[in-house]
Amino acid sequence: MDKQAFRKMVRRVKPDTASSFLIIQKLLQNAKFRSAATVLMYYSLPDEPFTHDIINSLEGKTVLLPRVVDAENMEIRQYTGSSDMQLGAFGILEPTGPVVSDYAAIDVAVVPGIAFDRQCHRMGRGRGYYDRFLAPVPSIHKIGICFPERLFDAIPFCPHDVVMDEVVTL
């Protein structure tokens, strides 16, 4: 099955969003995440584990969020509080804080995906934003988080797709 057909199939699988809290708690217990000084998070969509509350509660860490700037690129901005978010591309709330360009300072990136597999391959929404951002910065520890219904034995992937270092789910 090709990526487009697989994405379509996955979108029909409705995740049990009630497990979101437990997935986030598992992420918070992750050793790499706990020890990270700077974390790149994302503001979740309804079919992703809910990240809004964790973003607001990460004391002692520098929290960064992506902001889509055009059809191919995103920039990374410092999260400065929920009042400094505005509706951006694709109906996602995005940060208005300072732009961050020192990507090597990012310890951990928590990366969204519509599906992951047990070999840590990730399938995004098809635009390649995270693959283009993460590929030149291999030092960032990449953690995918997903609902158990979105973790598969294998998913279609391409050579340019960035593989996660680990996937957190139930």
Problem set entry | Stepwise side-chain contact (heavy atoms from CB on, under 4.5 Å) test for Y42 and E48 | CA-CA 10 Å; Y42 66 92; E48 299 167 337; 3.3 Å; yes
For this session: Apply side-chain contact (heavy atoms from CB on, under 4.5 Å) to D165 and I143, showing your working.
Result: CA-CA 6 Å; D165 294 301; I143 301 175; over 6 Å; no
Problem set entry | Gap separating the CG atom of L27 from the CZ atom of F33, nearest 0.5 angstrom | 4.5 Å
For this session: For E149 and K14, run side-chain contact (heavy atoms from CB on, under 4.5 Å): C-alpha distance rounded to whole Å, both residues' side-chain angles, the deciding distance at 0.1 Å, then the answer.
Result: CA-CA 8 Å; E149 299 87 352; K14 299 301 178 201; over 6 Å; no
For this session: Would you name the heavy atoms of F147 and P15 that are closest together and state the gap between them?
Result: CD1-CB, 3.3 Å
For this session: Indicate the atoms forming the closest heavy-atom contact of L64 with V100, along with that distance.
Result: CD2-CG2, 3.6 Å
For this session: Might you work through the salt bridge (charged side-chain N to carboxylate O under 4.0 Å, His left out) test for D161 and K3, ending with a clear yes or no?
Result: CA-CA 12 Å; D161 292 340; K3 285 174 113 176; 2.7 Å; yes
Problem set entry | R122 (side chain) donor-acceptor with F116 (main chain) under 3.5 angstrom | no
Problem set entry | 4.5 Å side-chain heavy-atom contact, E94 and V68 | yes
For this session: Evaluate the side-chain proximity of P98 to T80: yes if any heavy-atom separation is below 4.5 Å, no if none is.
Result: yes
For this session: Over all heavy atoms of both residues, which pair between V137 and F133 is shortest? Give the atoms and the distance, please.
Result: CG2-O, 3.8 Å
For this session: Taking only Lys NZ, Arg NE, NH1 and NH2, and the carboxylate oxygens of Asp or Glu, determine whether D47 and R11 approach each other closer than 4.0 Å.
Result: no
Exercise. When hydrophobic residues are tied together by side-chain contacts of less than 4.5 Å, even through go-betweens, does Y129 share a cluster with M41?
Worked result: yes
Problem set entry | Shortest non-hydrogen separation from V108 to I140 and the atoms involved | C-CG2, 4.0 Å
For this session: Answer with yes or no whether the hydrophobic clustering places V69 together with L134; edges join I, L, V, M, F, W, Y residues whose side-chain heavy atoms lie under 4.5 Å apart.
Result: no
Seminar exercise, completed: In short, P95 meets P66 closest at the heavy-atom pair CD-O, 3.4 Å
Problem set entry | Any donor-acceptor pair under 3.5 Å from Q86 side chain to T96 backbone | no
Exercise. Any side-chain heavy atom of T17 sitting closer than 4.5 Å to one from F50?
Worked result: no
Exercise. Is it the case that more than 12 heavy atoms not belonging to K61 sit under 6.0 Å from its NZ atom?
Worked result: yes
Problem set entry | Check: D107 side chain, T38 main-chain N or O, donor-acceptor pair, under 3.5 Å | yes
Problem set entry | In one Ile/Leu/Val/Met/Phe/Trp/Tyr side-chain cluster, 4.5 Å: V167, V10 | no
Exercise. Hey, does the Lys NZ or Arg CZ of R132 hover above the aromatic six-ring of Y130, less than 6.0 Å from the centre and inside 45° of the axis?
Worked result: no
Exercise. How long is the span from the CG atom in L65 to the CD1 atom in I92, to the nearest 0.5 Å?
Worked result: 11.0 Å
Exercise. Counting only N and O atoms by type, is there a donor-acceptor contact under 3.5 Å from the side chain of D117 to the main-chain atoms of I155?
Worked result: yes
Exercise. Sub-3.5 Å donor-acceptor pair from the side chain of R118 to the main-chain atoms of L151, do we have one?
Worked result: no
Exercise. Going through the distances and angles, do F90 and R127 end up as a side-chain contact (heavy atoms from CB on, under 4.5 Å)?
Worked result: CA-CA 12 Å; F90 312 111; R127 297 194 181 257; 3.3 Å; yes
Exercise. What about L170 and I54, same hydrophobic cluster or not, with Ile/Leu/Val/Met/Phe/Trp/Tyr joined at side-chain heavy-atom distances under 4.5 Å?
Worked result: yes
Exercise. Is R67 reaching over with its side chain to a backbone N or O of E75, donor-acceptor style, under 3.5 angstrom?
Worked result: no
Exercise. When rounded to the nearest 0.5 angstrom, what distance separates CD1 in I55 from OG in S44?
Worked result: 7.0 Å
Exercise. Would M123 end up clustered with L45 when hydrophobic side chains under 4.5 Å apart are linked, directly or stepwise?
Worked result: no
For this session: Look at atom CZ of F152 and say whether more than 12 heavy atoms of other residues, nucleotides or ligands are closer to it than 6.0 Å.
Result: yes
Exercise. Would you say N56's side chain and H52's backbone share a donor-acceptor pair under 3.5 angstrom?
Worked result: yes
For this session: State the CD1-CG distance between I145 and N30, to the nearest 0.5 angstrom.
Result: 11.0 Å
Exercise. If you take all heavy atoms of P148 and S19, which pair is closest and at what distance?
Worked result: CD-OG, 4.0 Å
Seminar exercise, completed: CZ (R150) and CG (D16) are apart, to the nearest 0.5 Å, by 12.0 Å
Seminar exercise, completed: Output for pair (Y43 OH, M85 CE), nearest 0.5 Å, gives 5.0 Å
Problem set entry | Side chains of L58 and L28 in contact at under 4.5 Å (non-hydrogen atoms) | yes
